Amino acid sequence: MNDFHNSRDSRPRPVYRDRRSQPGRPRTAPKKNLFANKSPEGSEQWLKPWVELKYFTYNPAVFPRMLGSVSGEIAPGSLVNVYDKNGELFGAGFWNESSRTPLRMVYHGKDVFAERDLDAALERAVKLRREVLRLDETTNAYRVLHGDSDGLGGLVVDRYADVLSLEVSTLAVWQRLNRWLPLLHRLCGTKRHVVQVDEGIARMEGIRAEEAPASPAPSGW
């Protein structure tokens, strides 16, 4: 039995190389430009900023492999016009090249979509709950807005009495909070809010969660 163990112990052991310890070796590969720089034929007539789709899709989250060219440098969080592979206006969405899903569609259609249409989508969401479903008559805690289903991907809003709880998952929504919070409070009749951002999403999207818009303290504090 001892001879058996000795024979096993004498076998050569594999040598593992710790690549992280090698000096001068980059920890991650340099970021490549994922989007073609060559503008499609006829794109000089497109509304800027624009993004081109390689494939037709109605999924609100669009991954890099489904995208073609973009109209030069686009500021992260911008609302962009989206054109299909035939050069037709396909809709509009939020742009953030550093995200896993650089394009987040907020509208599908051939009409031009602008910032005022985002505000209108927010208003429709609140009116659906308060005026059509009349949730205030049965409860003071309910979902006010549910992301992509209400045309505002990256934003979920819940109401608890006079407090709004906002969950943000896109840089574009984060950049518009100072405009949307007063509108939400006016539409909902609320006074305070809590803003939440997942740490991993904040890093990926480039959100500085510590800069969340402040909320008034409860009365009596």
Side-chain angles (χ1 to χ4, degrees), residues 29-128 145-157 166-180 183-184 197-198 200-207:
K31 186 177 179 181
K32 299 179 181 178
N33 183 13
L34 300 176
F35 311 104
N37 292 321
K38 184 178 179 181
S39 298
E41 183 178 354
S43 61
E44 60 274 6
Q45 303 298 326
W46 294 0
L47 299 172
K48 293 183 178 181
W50 55 258
V51 175
E52 178 198 24
L53 292 178
K54 286 183 181 178
Y55 312 101
F56 287 106
T57 177
Y58 283 92
N59 191 320
V62 183
F63 290 87
R65 66 180 181 273
M66 307 187 73
L67 296 169
S69 298
V70 301
S71 59
E73 294 293 329
I74 303 177
S78 295
L79 180 65
V80 297
N81 300 288
V82 180
Y83 288 83
D84 63 26
K85 61 181 182 179
N86 295 327
E88 299 291 334
L89 187 59
F90 189 68
F94 292 141
W95 178 255
N96 186 359
E97 185 174 341
S98 64
S99 174
R100 289 173 56 190
T101 53
L103 178 63
R104 190 69 172 262
M105 296 293 296
V106 294
Y107 167 73
H108 291 96
K110 296 185 179 298
D111 295 326
V112 178
F113 191 88
E115 289 287 337
R116 62 179 179 275
D117 297 303
L118 293 173
D119 298 349
L122 187 149
E123 292 189 35
R124 282 195 303 272
V126 177
K127 289 181 178 180
L128 172 64
L145 189 150
H146 195 90
D148 292 313
S149 62
D150 286 308
L152 290 173
L155 177 62
V156 174
V157 183
L166 292 84
E167 183 178 346
V168 178
S169 57
T170 63
L171 177 63
V173 168
W174 181 259
Q175 293 175 342
R176 291 162 174 79
L177 281 185
N178 284 325
R179 185 175 90 223
W180 285 347
L183 177 59
L184 279 168
V197 186
D198 177 82
I201 291 176
R203 287 193 299 270
M204 180 179 65
E205 289 283 325
I207 295 172

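In what follows, every heavy atom counts, from backbone to side chain, and hydrogens, waters and symmetry copies are set aside. Predicted model only: the values in this text are computed from it and were never measured. Along the sequence shown, residues are numbered consecutively beginning with 1.
- Taking CG of N96 as the start and CD of Q175 as the end, the distance is 8.0 Å to the nearest 0.5 Å.
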Quiz item: Are R179 and D119 close enough, and set up right, to give a side-chain contact (heavy atoms from CB on, under 4.5 Å), and what steps lead you there?
Solution: CA-CA 9 Å; R179 185 175 90 223; D119 298 349; 2.9 Å; yes
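- Scanning both residues, L53 and L67, for their nearest heavy atoms gives CD2-CD2, 3.7 Å.
- The aromatic rings of H108 and F90 stand perpendicular to each other, their planes meeting at an angle above 60°, with 30° marking the opposite boundary.
- Once rounded to the nearest 0.5 Å, the distance linking CG of L152 with CZ of F94 reads 6.0 Å.
- The closest donor-acceptor contact from the side chain of Y107 to the backbone of A114 lies at 3.5 Å or more, if one exists at all.
- Not a single ring-ring contact (aromatic ring centres under 6.0 Å, His included) links W180 to another residue, sequence neighbours left out.
- Minimum interatomic distance between V82 and G93 (heavy atoms only, all atoms of both residues): CG2-N, 4.0 Å.
- Here the side chain of E205 pairs a donor or acceptor atom with the backbone of L171 at under 3.5 angstrom.
- Distance alone, capped at 3.5 Å, is enough to place a donor-acceptor pair between the D198 side chain and the G200 backbone.
- By the 4.5 Å heavy-atom criterion applied to side chains, W95 and P49 are not counted as neighbours.
- Proximity of D117 to D111: side-chain heavy atoms (C-beta onward) are nowhere separated by under 4.5 Å.
- Side-chain contact check for P40 versus S69: some heavy-atom pair is nearer than 4.5 Å.
- Side-chain contact check for V157 versus V126: every heavy-atom pair is 4.5 Å or farther apart.
- Going from atom CG of N59 over to atom OG1 of T101 covers 9.5 Å, rounded to the nearest 0.5 Å.
- Note that CG of L79 is 6.0 Å distant from CZ of R176, once rounded to the nearest 0.5 Å.
- Summarising the geometry, atom CZ belonging to F113 is positioned 11.5 Å from atom CG belonging to L89; distances are rounded to the nearest 0.5 Å.
- Taking CD from E73 and CD from E97, the interatomic distance works out to 7.0 Å, rounded to the nearest 0.5 Å.
- With hydrogens and angles disregarded, no donor-acceptor distance shorter than 3.5 Å links the side chain of R104 to the backbone of D148.
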Exercise. Before giving the answer on side-chain contact (heavy atoms from CB on, under 4.5 Å), spell out for V51 and V62 the whole-Å C-alpha distance, their side-chain angles and the decisive distance to 0.1 Å.
Key: CA-CA 11 Å; V51 175; V62 183; over 6 Å; no
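- Heavy atoms from other residues, nucleotides or ligands lying under 6.0 Å from CD of E44 number more than 12.
- Residues R65 and Y55 share a closest heavy-atom pair of O-CE1, 3.5 Å.
- Under a 3.5 Å cut-off, the side chain of S78 and the backbone N or O of V80 do not form any donor-acceptor pair.
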Exercise. Report the C-alpha distance between S71 and W46 in whole Å, list the side-chain angles of each, state the deciding distance to 0.1 Å, and finish with yes or no for side-chain contact (heavy atoms from CB on, under 4.5 Å).
Key: CA-CA 9 Å; S71 59; W46 294 0; over 6 Å; no
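- No more than 12 heavy atoms of other residues, nucleotides or ligands shown are found within 6.0 angstrom of CZ on R100.
- Heavy atoms from other residues, nucleotides or ligands lying under 6.0 Å from OH of Y58 number 12 at most.
- A distance-only check finds no donor-acceptor pair linking the side chain of N86 to the backbone of E88 [under 3.5 Å].
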